[in-house]
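Please read all numbers here as calculations on a predicted model, not as lab measurements.
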Amino acid sequence: MNVLVIDDEAQIRTYVADVLVAEGWDVSTASSAEEAFGKLREKTWELVCCDVMLGDADGFQVLRRFKEELPDTQVVLMTGHGTAIGALDATAFGAYDYLLKPFGVNELVSLARAVGARFENEKRRRHRYVLAGQTPTGLFDAPLELVGRSQTFIEVMKKVGKVAATCLPVLLSGESGTGKEVIASAIHRRSQRASQPFVAVNCGAIPSELIESELFGHVRGAFTGAARDRKGLWEEAEGGTLFLDEITETTPAFQVKLLRALQEGEIRRVGSNKTQKVDVRVIAASNRNVETEVEAARFREDLFYRLNAVTIYLPPLRERREDIYPLAGAFAARVWSLNPTVTFTPEALRLLEVYDYPGNIRELENAVVRAVAMCSGAVRPEDLPERIRSYRPTSGDAVAEAATDGATPAPDERWLTLAEVEARYVARVLEHTGGNKQAAARLLGIDRKTIERMIKRHDLATGNAKPKTSASKTTPHSA
């Protein structure tokens, strides 16, 4: 099978090519998008591995061109600057995967074997996916709540991007404030229904005796005050997406009618004897554990399985602390429009990074808005809400405990030395390459002798690639 490796860095091209050649692939390479487009019809490409940041173009342009002209080709985007929105766009626009550099031999081999097996099993089938004029929606036109760079959130966004291309119902779970409505909107915007309405309904905010009328509508005279026929929100979403937030707040009686609407694709207005077909995709969400609600007989099991075609769990902010700083910076820049260079002092940033955020992203946004309003260009600890300033991590929160070990760390405990940074980074690259020194040297842009000297100097064991010196200490500002 044929693979085209596209990267403007020779070391990366050679590294990926060597791994895939060893797996039996027929490998060709290109150093630019223009060179890759020239090879587009040269062969039948089963796989394309393309860097996101190319000199003359970006990987999304390559993705679009190959998926338009060779829809069966699987495209993998590679990046050293991964973001959640990048992962979402990559998978939504048809990428097979979104690899974060540096990636290891095992990761690349597993991916290549999966693609190979896919073609062996489905080579007679065609799955045409055309991007139809859509362009990647990067950070600047995406909701700020989708900002993130943690591996945890990037994996979530990969799932979001993949499910967007389908018409399956989706169940979103997660604590309040994790951005379930934003994710539902992102699925809609990247689906074939994007030009049609997106209607969001908070089921918990509608009285139980009114929810059927609100969703399905009513006819004149159906009840006291029904002076005319009225369309419900389900009809308002015709052709588009209906987002049912806090679905577990509905009553079992209403759940029966909701199940029928999902199964039959039709609704009946309150007071009417006629049913009507409505083409709507449903995305539901709850901050409760829906399976627990089913077991407690508070939520219908058959409705749960109807909604549960795809379930996506949105992690709380405390499980993706790496995203706190970019989120805070994005919220601050939006509020402080006259001075987009607003910054956070190290002390304020440390407080933001260790706080538990029971209100998740919504609470972080509110805290940043307040702090920016109080500050003079740089957010200080005294600008933050009292609950954040006085917070102390509970025992067992290893990340937060490490970051707050001592109210005021001594200067020599705050920063890693250059030697420690080098040791940690080399160890990480070795870990990703499975201890393969030659592959690690290519990723680092050095020769094998140099990396061997680094390994010896820092006493790195290539079996587990962990520094054995003081570089292994945890500090508040570890790289």
Original post:
Is H188 reaching over with its side chain to a backbone N or O of Q196, donor-acceptor style, under 3.5 angstrom?
Top reply: yes

Subject >> F304 CZ to T248 OG1 distance, which is reported to the nearest 0.5 Å >> reply: 11.5 Å

Original post:
Taking it one step at a time, do R193 and F198 satisfy side chain to side chain contact (heavy atoms under 4.5 Å, CB included)?
Top reply: CA-CA 9 Å; R193 298 172 179 264; F198 174 79; over 6 Å; no

**OP:** Report the C-alpha distance between V170 and V282 in whole Å, list the side-chain angles of each, state the deciding distance to 0.1 Å, and finish with yes or no for side chain to side chain contact (heavy atoms under 4.5 Å, CB included).
**Re:** CA-CA 7 Å; V170 179; V282 173; over 6 Å; no

Subject >> Salt-bridge contact E353-R321 (side-chain N to carboxylate O under 4.0 Å) >> reply: no

**OP:** Kindly indicate whether the side chain of E363, heavy atoms from C-beta on, has any atom under 4.5 Å from the side chain of L317.
**Re:** no

**OP:** Of all the heavy-atom pairs spanning F243 and A285, show the shortest one and how long it is.
**Re:** CE1-CB, 3.5 Å

Subject >> Separation between CG of L244 and CG of L215, rounded to the nearest 0.5 Å >> reply: 6.0 Å

**OP:** Give a yes or no on whether E291 atom CD has more than 12 heavy-atom contacts from other residues, nucleotides or ligands under 6.0 Å away.
**Re:** no

Subject >> Which atom of D279 lies closest to which atom of E238, heavy atoms considered >> reply: N-OE1, 3.2 Å

Subject >> Atom pair CG (L314) and CZ (F153), whose distance is rounded to the nearest 0.5 Å >> reply: 7.5 Å

Original post:
Cation-pi between R318 and Y357: NZ/CZ under 6.0 Å from ring centre and within 45° of the ring axis?
Top reply: no

Original post:
Side chains of F299 and T292: does their closest heavy-atom pair fall under 4.5 Å?
Top reply: no

Original post:
How close do G94 and K67 get, heavy atom to heavy atom, and via which atoms?
Top reply: O-CE, 3.7 Å

Original post:
Salt bridge or not for E249 and R288, using N-O below 4.0 Å?
Top reply: yes

Original post:
Does V3 reach the side chain of W45, with side-chain heavy atoms less than 4.5 Å apart?
Top reply: no

Subject >> Heavy-atom pair of closest approach, residues R300 and V256 >> reply: NH1-CG2, 3.4 Å

Original post:
Is the backbone N or O of Y98 less than 3.5 Å from a side-chain atom of K158, with the two atoms forming a donor-acceptor pair by type?
Top reply: yes

Original post:
Does some side-chain heavy atom of L99 sit less than 4.5 Å from a side-chain heavy atom of L111?
Top reply: yes

**OP:** Evaluate whether atom OH of Y313 has more than 12 neighbouring non-hydrogen atoms of other residues, nucleotides or ligands under 6.0 angstrom away.
**Re:** yes

Original post:
Rounded to the nearest 0.5 Å, how far does OG1 of T152 lie from CE of M157?
Top reply: 13.5 Å

**OP:** Could you go through the salt bridge (Lys or Arg N to Asp or Glu O under 4.0 Å) check for E264 and K277 one step at a time?
**Re:** CA-CA 8 Å; E264 307 299 331; K277 292 287 185 181; 5.3 Å; no

Subject >> Pair T241-V280, side chain to side chain contact (heavy atoms under 4.5 Å, CB included): steps then yes or no >> reply: CA-CA 6 Å; T241 302; V280 169; over 6 Å; no

Subject >> Exercise: identify the closest heavy-atom pair between A328 and V368 >> reply: O-CG1, 3.7 Å

Subject >> Beyond-backbone contact of L430 with I451, side-chain heavy atoms, under 4.5 angstrom >> reply: yes

Subject >> Worked verdict on E68 versus R64 for salt bridge (Lys or Arg N to Asp or Glu O under 4.0 Å) >> reply: CA-CA 6 Å; E68 284 179 341; R64 176 176 178 173; 3.0 Å; yes

Original post:
Taking side chain as C-beta onward, heavy atoms only, is L171 less than 4.5 Å from I283?
Top reply: no

**OP:** Measure the acute angle between the ring planes of F60 and F93, then classify it against the limits of 30° and 60° as parallel, tilted or perpendicular.
**Re:** perpendicular

Original post:
Hey, is NZ on K162 packed in by over 12 heavy atoms from elsewhere, all under 6.0 Å?
Top reply: yes

Original post:
Do any N or O atoms from the side chain of D58 and from the backbone of V52 form a donor-acceptor pair under 3.5 angstrom?
Top reply: no

Original post:
Can you find a heavy atom in the side chain of M1 that is under 4.5 Å from one in the side chain of L47?
Top reply: no

Subject >> Pair Q255, T250: side-chain N/O donor-acceptor within cut-off below 3.5 Å >> reply: yes

Subject >> Expected output: side-chain E319 to main-chain P315 donor-acceptor under 3.5 Å >> reply: no

Original post:
Would V201 and L242 count as a side chain to side chain contact (heavy atoms under 4.5 Å, CB included) if you check the C-alpha gap in whole Å, the side-chain angles of each, and the deciding distance to 0.1 Å?
Top reply: CA-CA 8 Å; V201 184; L242 180 67; 3.8 Å; yes

Original post:
Looking at V27 and A17, what are the two nearest heavy atoms and their distance?
Top reply: CG1-CB, 3.7 Å

Original post:
Can you tell if the side chain of E175 reaches within under 4.5 Å of the side chain of N287, non-hydrogen atoms only?
Top reply: no

Original post:
Would K159 and E155 satisfy salt bridge (Lys or Arg N to Asp or Glu O under 4.0 Å), going step by step from the backbone distance to the final call?
Top reply: CA-CA 7 Å; K159 294 179 182 178; E155 291 301 321; over 6 Å; no

Subject >> From S28 atom OG to I6 atom CD1, the distance as rounded to the nearest 0.5 Å >> reply: 10.5 Å

Subject >> Intermediate values then yes/no, salt bridge (Lys or Arg N to Asp or Glu O under 4.0 Å), D8 and R13 >> reply: CA-CA 8 Å; D8 55 0; R13 287 199 310 273; over 6 Å; no

**OP:** Flag yes if more than 12 heavy atoms outside K456 fall under 6.0 Å of its NZ atom; otherwise flag no.
**Re:** no

Original post:
Just by modelled atom types, is the L168 backbone N or O under 3.5 Å from a matching donor or acceptor in the R281 side chain?
Top reply: yes

**OP:** Tell me, with the steps shown, if Q276 and E235 meet side chain to side chain donor-acceptor pair (under 3.5 Å).
**Re:** CA-CA 10 Å; Q276 59 187 105; E235 287 181 72; 3.1 Å; yes

**OP:** Please check if the side chain of T14 supplies one atom and the backbone of A10 the other of a donor-acceptor pair under 3.5 Å.
**Re:** yes

Original post:
Have N360 and T178 got a donor and an acceptor in their side chains that come within less than 3.5 Å?
Top reply: no

Original post:
Checking K43 side chain against N2 main chain: does a donor-acceptor pair fall under 3.5 Å?
Top reply: no

Would you give me the side-chain donor-acceptor pairs under 3.5 Å for residues 100-107, sequence neighbours excluded?
{"unit_1": "K101", "atom_1": "NZ", "unit_2": "D7", "atom_2": "OD2", "d": "3.0"}
{"unit_1": "K101", "atom_1": "NZ", "unit_2": "D51", "atom_2": "OD1", "d": "3.1"}

Please set out all donor-acceptor pairs under 3.5 angstrom arising from side-chain atoms of residues 75-84, sequence neighbours excluded.
{"unit_1": "T79", "atom_1": "OG1", "unit_2": "H81", "atom_2": "N", "d": "2.9"}
{"unit_1": "T83", "atom_1": "OG1", "unit_2": "G86", "atom_2": "N", "d": "3.0"}

Subject >> R65 to F37 six-membered ring, cation-pi geometry met (6.0 Å, 45°) >> reply: yes

Original post:
Can you tell me how far CG of L54 sits from OG of S32, rounded to the nearest 0.5 angstrom?
Top reply: 7.5 Å

